[in-house]
Amino acid sequence: METESEPYVRLASLRQLHQVMADMNTARSLADTLQSVADGAVGALGYEMAAVNLVRQDGDLVVAAFSGNSAAESLITGRVGSRDSWDRRLNMGEQWGDLVFIPHTEGWVLDDDDVPQWYTDGPAPRFEDEWHPSDRLFAPMYTPGVQGGSSGELLGVISVDRPRNGRRPGAWGREALQMYAFQAAIAISNARLRANMQRALVRLERDQQALRASEESFRQAFEYAPSGMAIAEMGGDQHGRILRTNDALCRLLGRPASAMRRYSFSDLVHPEDIGTLLRTSAEGGRAELRLGRRDGSYVWVSLRNSVVADAADGPRFLLTHVEDIEERKRRELQLAHRASHDSLTGLPNSAELRSRLSSRLCRRQAQPGVLESLDAAYGHPAFDAPTGHGFDFAQGGEAFDGFDHHVHTIAPEDGRDDGTKGLAVLFCDLDGFKSINDRFGHNAGDAVLIEVARRLSRGVRDGDTVARLGGDEFVILADGLGKADAQDLAVRLRNEIIQPIRAEGRAVRVGASFGIGWAHCGMTADEVLKSADERMYVEKRSRPKQHRRAG
């Protein structure tokens, strides 16, 4: 273009410049855009060489594209110049609008800096505006919408060398280069934006593929999990409503998936476990509870909740894992039963008897004379004070604690039946049992004990306790009885026991001696049992030996 005389410029040159700018804006990639900028400076603006120096993220400038000289291109393309060196260049020389021209008279100070350069040889200028081989001309490119190096963000620098007409560019050439740099900055910014968008689209597609793969993996893991899985709503009016279940959960509860969506877990849980379920649902976590089957039965499950959170709206769903633990619970109950029950008769054993008895009794300790003074003040026994509270006196009688929410166990007075109802403790010892073991063997003896246990259990009320203390000794705990009631119960049970028992193919008989003791607060379980045992021996000795066993 500079081959034309100013101000006359051929229309063909303007068309050529327009085409170059169009090529810059339609390049397919950032690299193609940068090369179009360099090629356009040579092909349309009339320079023999042009380089595009692009600002990197660290602020330094790299030679990103070169045009006009293949030897120079291979030498300096990809090389980096520091930002400090470039700032020094752009702040010296002559300012031609946004352009910077450094004449050879000043540029020698830049020969040894780190900016990549290509040196050309040639004769010294013969006239004032002739281009010198060491002259430098730079066209800074700033972010779009900003013209003026003092206020815009530097995007890069177009450096050009050796105009084809051999002269320094005039007003038209300078204006053309400046406008070209401005348009190049727009093209480069747009190319970067397109590249970023393409990368974002690629990442989005990868993320979507990963999401689809993850959703498919979750679906398969959910549907084909060997244990039950469910998704339920969290919050709102439909909190806890089941949205989705897998086949394993449907099989476990005997309910089809379509029916499960009509329920929430609170509809299915055992009434005694509803509190446990609500705590687990609110917090997320693990609980063991019972869920109802379609046939009306319940199954023990381990229920583990995970809160599925939505980044925008907060927690929205509960992912629930339901594991069948019916067999484990059955084993645990069996072990607990074995630990607390007699293996032969199935009755509560000695430890369980003492535990049940102790749970009804509160202890009291006091100095001698303290309880007697309370008895005098409140009436007998001391634990029936008008406050309704029991007292646990510290050693020395200096402090006591109240037993709130405890109904104190009292006993009828000795010597008369005053109508008081208490906790009767019947100690039963079989008469003649040892002779059955000796004559017929231990299998016969075991059969007798099993039948006696059955008859005792059949002869008491629901809620009473029949326990095997050991050997041929049994204990019955019967609450809410008066003295006459307890004696009548002992007579009825003795009459049941003395009936013939089939053992090892023969009929045998045993008798029974009963001692009736009474439990009341302030006693230990062992003291209660000892009292009943002593009364049993008194009763046994008071009866003639021949009447202790019938048959």
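Just so it is clear, the structure is predicted and the values come from calculations on it, not from any experiment.
- The backbone N or O of Gly432 lies less than 3.5 Å from a partner atom in the side chain of Ser435, making a donor-acceptor pair.
- Leu319 CG to Leu243 CG: the interatomic distance, rounded to the nearest 0.5 Å, is 11.5 Å.
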Start with the C-alpha gap between Leu291 and Phe265, add the side-chain angles, then the distance that decides, and say whether side-chain contact (heavy atoms from CB on, under 4.5 Å) holds. CA-CA 8 Å; Leu291 293 180; Phe265 276 108; 4.2 Å; yes

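- Taking a cutoff of 4.0 Å between a charged side-chain nitrogen and a carboxylate oxygen, Arg83 and Asp60 do not qualify as a salt bridge.
- Smallest separation of non-hydrogen atoms from Leu268 and Tyr298: O-CE2, 3.9 Å.
- Considering only heavy atoms from C-beta on, Val452 stays 4.5 Å or farther from Asp472 through its side chain.
- Salt bridge status for Asp533 with Lys530: absent, with no side-chain N to carboxylate O gap under 4.0 Å.
- When every heavy atom of Ala490 is checked against every heavy atom of Ile516, the shortest pair comes out as CB-CD1, 4.3 Å.
- A side-chain donor-acceptor contact under 3.5 Å links Ser542 to the backbone of Glu539.
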Report the C-alpha separation of Trp300 and Glu326 in whole Å, then their side-chain angles, then the decisive distance to 0.1 Å, and conclude whether the side-chain contact (heavy atoms from CB on, under 4.5 Å) test is met. CA-CA 5 Å; Trp300 274 100; Glu326 181 73 19; 3.6 Å; yes

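- Using a 4.5 Å cut-off on side-chain heavy atoms (C-beta onward), Ser266 and Leu277 make contact.
- In this structure, the side chain of His341 engages the main chain of His337 through a donor-acceptor pair within 3.5 Å.
- For the pair Asn349 (side chain) and Ala339 (backbone), a donor-acceptor distance under 3.5 Å is present.
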For residues 244-252, which side-chain N or O atoms pair as donor and acceptor with protein atoms under 3.5 Å away, sequence neighbours left out?
unit_1: Arg244; atom_1: NH2; unit_2: Glu223; atom_2: OE2; d: 3.2
unit_1: Asn246; atom_1: OD1; unit_2: Met229; atom_2: N; d: 2.9
unit_1: Asn246; atom_1: OD1; unit_2: Leu249; atom_2: N; d: 3.1
unit_1: Asn246; atom_1: ND2; unit_2: Phe222; atom_2: O; d: 3.0
unit_1: Asn246; atom_1: ND2; unit_2: Ser227; atom_2: O; d: 3.1

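- Salt bridge annotation for Arg330-Glu327: present, with a cationic side-chain nitrogen under 4.0 angstrom from a carboxylate oxygen.
- A distance of 8.0 Å separates CZ of Arg439 from CZ of Arg506, quoted to the nearest 0.5 Å.
- The pair Arg492-Glu496 does not meet the salt-bridge criterion, since no charged nitrogen lies less than 4.0 angstrom from a carboxylate oxygen.
- Between Arg293 and Asp295 there is no salt bridge, since no side-chain N of the basic residue sits under 4.0 Å from a carboxylate O of the acidic one.
- Proximity of Val301 to Leu289: side-chain heavy atoms (C-beta onward) are separated by under 4.5 Å at one or more points.
- Nearest heavy-atom pair across Leu347 and Ser457 is CD2-OG, 3.4 Å.
- In this structure, Arg468 contributes its side chain and Gly471 its backbone to a donor-acceptor pair below 3.5 Å.
- At least one donor-acceptor pair under 3.5 Å links the side chain of Asn190 to the backbone N or O of Ile186.
- No hydrogens or angles considered: a donor-acceptor pair under 3.5 Å links the side chains of Thr345 and Asp342.
- Heavy atoms only, all atoms of each residue included: Leu361 and Ala519 are closest at CD2-CB, 4.0 Å.
- Looking at heavy atoms from C-beta onward, Leu481 lies out of side-chain contact with Leu423 at the 4.5 angstrom threshold.
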Set out, in order, the CA-CA distance, both residues' side-chain angles and the distance that settles side-chain contact (heavy atoms from CB on, under 4.5 Å) for Phe427 and Glu534, then state yes or no. CA-CA 9 Å; Phe427 199 106; Glu534 290 173 350; over 6 Å; no

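- Residues Pro348 and Leu353 form no side-chain contact, since every pair of their non-hydrogen atoms from C-beta on lies 4.5 Å or further apart.
- Partners of Asp429 according to the side-chain hydrogen bond (donor to acceptor under 3.5 Å, both in side chains) rule, which considers only residues two or more places apart in sequence or in another chain, are Lys540.
- A distance of 6.0 Å separates CG in Leu155 from CG in Leu54, rounded to the nearest 0.5 Å.
- At least one donor-acceptor pair under 3.5 Å links the side chain of Ser340 to the backbone N or O of Ala336.
- There is a side-chain donor-acceptor pair under 3.5 Å between Thr320 and Asn305.
- Taking CD1 from Ile476 and CZ from Arg461, the interatomic distance works out to 12.0 Å, rounded to the nearest 0.5 Å.
- By the 4.5 Å heavy-atom criterion applied to side chains, Leu426 and Leu489 are counted as neighbours.
- Between Glu272 and Arg290 a salt bridge is recorded (basic side-chain N to carboxylate O distance below 4.0 Å).
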Output, in order, the C-alpha distance, side-chain angles, deciding distance and verdict of side-chain contact (heavy atoms from CB on, under 4.5 Å) for Met536 and Phe514. CA-CA 5 Å; Met536 183 273 297; Phe514 282 86; 5.8 Å; no

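- By the neighbour-count criterion of 12 heavy atoms within 6.0 Å, atom CZ of Arg294 is sparsely surrounded, having that number or fewer from other residues, nucleotides or ligands.
- Taking Arg502 as the reference, Ala507 meet the side chain to side chain contact (heavy atoms under 4.5 Å, CB included) condition, with sequence neighbours excluded.
- No side-chain heavy atom of Tyr263 sits under 4.5 Å from any side-chain heavy atom of Arg241.
- Pairing each heavy atom of Gly78 with each of Val62, the nearest pair is O-CG2, 3.5 Å.
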Could you walk me through whether Lys329 and Glu288 pass the salt bridge (charged side-chain N to carboxylate O under 4.0 Å, His left out) check? CA-CA 10 Å; Lys329 277 293 183 180; Glu288 294 184 355; 3.2 Å; yes

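- In this structure, CZ on Arg338 lies 10.0 Å from OG on Ser343, to the nearest 0.5 angstrom.
- Using modelled atom types, one finds a donor on one side chain and an acceptor on the other under 3.5 Å when comparing Thr465 with Arg356.
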Could you check Ser264 against Asp267 for side chain to side chain donor-acceptor pair (under 3.5 Å), going step by step and ending with a plain yes or no? CA-CA 5 Å; Ser264 66; Asp267 299 324; 3.2 Å; yes

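- Salt-bridge check for Glu216 with Arg212: failed, with every basic side-chain N at 4.0 Å or more from each acidic carboxylate O.
- Side chains of Arg354 and Thr524 form no contact here, defined as non-hydrogen atoms less than 4.5 Å apart.
- With Asp446 contributing its side chain and Asn443 its backbone, the two residues share no donor-acceptor pair below 3.5 Å.
- Between the CG atom in Leu449 and the NE2 atom in His442 there is a gap of 11.0 Å [rounded to 0.5 Å].
- The shortest non-hydrogen separation linking Gly522 to Glu527 is O-OE1, 4.1 Å.
- Side chain of Thr33 to main chain of Ser29: a donor-acceptor pair is present (N/O by atom type, distance under 3.5 Å, no hydrogens or angles).
- Between the side chain of Asn437 and the backbone N or O of Lys434 there is no donor-acceptor pair closer than 3.5 Å.
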